[in-house]
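See below for the structure under consideration.
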Amino acid sequence: MTKPRILTGIRPTGPLHLGHYVGALKKWKELQDTGKYECFFLLADAQALTDHAGEPGKIRRAILDVTLDWLSTGLNPQRSAFVVQSQIPEIFELEHYLASITPQAWVEDNPTLKDEIRILREERKETVTSAFARYPVSQAADILIVKANLVPVGEDQIPHIELTRKIARRFNQTFGLIFPIPEYMVGEVGRLIGTDGSEKMSKSLDNVIFLSDPKKIVQEKVMQMFTDPKRVRADIPGTIEGNPVFIYHDAFNPNKEEVADLKELYRQGRIGDVAVKEKLILVLENFLEPIQERRHQFEKNLDELRSYLAEGTKREKEIAQEVSAEVKQSMGITLTEG
Ligand code: TRP
């Protein structure tokens, strides 16, 4: 019996942060550790290139950073395949074939893509490349090239998985049953807000805490975190809802009783922001310490790390070649009679 397959991925553009952990890595590790799935974790370097092509070297460095973050949070290359997307050309071949049956309107209606295009054009004043404008189709190819059954992702990725499902269904209806229709799964915290309370975490907004941030930086960042803007003094009642410091306590503090107590005191105006932040600093230090300890171990042997990538990529490549041949055969893109 073959196990159901999981495929998920991340664009390597820099080291990962707490939002990546709660929104993605935590769930990936849990699923990996059940032993019930064959897991593929994709370093989507070619997808990252669609808006970072002008920065050679950046993505290569980020691949190492992301791999270190994966290893240090418990993703295990002995159990799961770590795959470098650009090294599987079958993905881009499949992207073309899938794009050929995908109505442009399906791509244009994608709310995540729309939002990203708006930010690139209006806020960052950058060019939207043609590859960027259709990366969701490329992402469908990432998923379908291994016939994945399940895609654990952060909330913002749901439209891409829905698109993948539609493309897979259309493909199957047109050319015969080739692809499973992949399900998606979101972690308990689908999205973590930035330390400044804004919805999007981003390096350029300087509102993220990286998994690899040293203690001192974490302390500074927590001390600067936004809280309840209406609370000007520690002895007036404060609001918990939407308050970043409490959202982070909820996400990272394993002591639920303490969190409940802190909330109660805060609501009653009996504890100050600084005290709640000091608790959060301890919580994050406890959380990050073992992760960073493992990171240092793996950093000492980058050759070994590269061998994990080569091995995982090879494992996916074998499957990709088979699926690619099957797809082309069914579409009639072949020199031999089907
Ligand atoms: N778009 C995802 C992100 O930005 C990365 C990604 C690429 C992905 N291919 C994927 C996620 C396939 C899930 C499945 O993080």
Side-chain angles (χ1 to χ4, degrees), residues 4-28 31-32 37-52 59 62-63 65-67 69-70 75 80-88 90-92 94-95 98 107 110-117 119-120 129 131-168 179-187 190-192 200-203 208 312-313 316 319-320 323:
R5 279 192 192 137
I6 283 180
L7 182 131
T8 188
I10 266 178
R11 284 182 207 166
T13 56
L16 303 183
H17 51 62
L18 295 181
H20 289 115
Y21 180 80
V22 289
L25 303 183
K26 188 176 178 206
K27 189 97 233 163
W28 302 4
L31 290 164
Q32 165 194 272
Y37 302 91
E38 190 182 357
C39 296
F40 296 86
F41 299 131
L42 190 68
L43 292 141
D45 58 343
Q47 187 180 109
L49 202 66
T50 62
D51 69 336
H52 289 87
I59 293 173
I63 285 184
D65 264 322
V66 171
T67 308
D69 287 328
W70 284 4
L75 299 188
S80 305
F82 292 7
V83 182
V84 182
Q85 185 194 30
S86 60
Q87 304 308 302
I88 314 272
E90 288 79 5
I91 293 174
F92 310 103
L94 180 60
E95 174 186 352
L98 298 180
V107 184
N110 183 312
T112 294
L113 182 69
K114 268 193 207 165
D115 201 40
E116 288 170 335
I117 289 181
I119 291 171
L120 273 177
T129 64
F132 189 84
R134 83 164 201 198
Y135 88 75
V137 181
S138 181
Q139 189 155 330
D142 295 338
I143 296 165
L144 298 178
I145 197 74
V146 297
K147 299 190 174 179
N149 306 91
L150 181 64
V151 190
V153 281
E155 218 166 57
D156 61 323
Q157 299 293 303
I158 294 174
H160 302 339
I161 319 307
E162 273 166 358
L163 174 71
T164 305
R165 292 165 59 85
K166 283 184 10 185
I167 294 175
F179 297 117
I181 310 299
E183 307 282 339
Y184 59 78
M185 184 187 279
V186 182
R191 177 200 291 266
L192 189 70
K200 201 138 183 110
M201 278 202 167
S202 85
K203 213 187 305 186
V208 303
T313 303
E316 167 155 328
I319 298 167
V323 175

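Note that ligands are numbered from 1 as they come in the structure, with each ligand's atoms numbered from 1 the same way.
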Pick out which of Ile59, Ile10, Thr67 makes a side chain to side chain contact (heavy atoms under 4.5 Å, CB included) with Leu43.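 Running side chain to side chain contact (heavy atoms under 4.5 Å, CB included) over Ile59, Ile10, Thr67 with Leu43 returns exactly one hit, Thr67.
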Consider side chain to side chain contact (heavy atoms under 4.5 Å, CB included). Of Val151, Ile91, Asn149, Ile6, which one does Ile143 pass it with?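 Looking at Val151, Ile91, Asn149, Ile6, the match for Ile143 under the side chain to side chain contact (heavy atoms under 4.5 Å, CB included) is Val151.
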What closest approach, in Å, do Val146 and Leu7 show between heavy atoms, and which atom pair accounts for it?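 Smallest heavy-atom distance, with atoms named: CG2-CD1, 3.7 Å.
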Mind listing the closest non-hydrogen atom pair of Ala133 and Leu113 along with its distance?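 Closest heavy-atom pair between Ala133 and Leu113: O-CD2, 3.4 Å.
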Quick one: nearest non-hydrogen protein atom to [atom], plus distance?
atom	value
atom 9 (N) of ligand 1	Asp142 OD2, 2.7 Å
atom 12 (C) of ligand 1	Gln139 CG, 3.5 Å
atom 4 (O) of ligand 1	Arg11 NE, 3.4 Å

Polar atom proximity, Gln157 to ligand 1 (N or O, under 3.5 Å):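 Yes, since at least one N or O of Gln157 sits under 3.5 Å from an N or O of ligand 1.
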Do any nitrogen or oxygen atoms of Gln47 lie less than 3.5 angstrom from nitrogen or oxygen atoms of ligand 1?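 In this structure, Gln47 places an N or O atom under 3.5 Å from an N or O of ligand 1.
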Near [X], which atoms of ligand 1 are under 4.0 Å from a heavy atom of that residue?
X	result
Val151	13 (C), 14 (C)
Val153	13 (C)
Ala44	7 (C)
Leu7	12 (C), 14 (C)
Thr8	13 (C), 14 (C)

Is it the case that the ring center of Tyr135 lies less than 6.0 angstrom away from the ring center of His160?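 Yes: the rings meet the under 6.0 Å criterion.
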Please check if the side chain of Glu316 supplies one atom and the backbone of Ile88 the other of a donor-acceptor pair under 3.5 Å.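 Judged by distance alone, no pair lies under 3.5 Å.
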Would you please say whether a donor-acceptor pair under 3.5 Å links the side chains of Gln32 and Ser80?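 The criterion, which ignores hydrogens and geometry beyond distance, is satisfied for Ser80 and Gln32.
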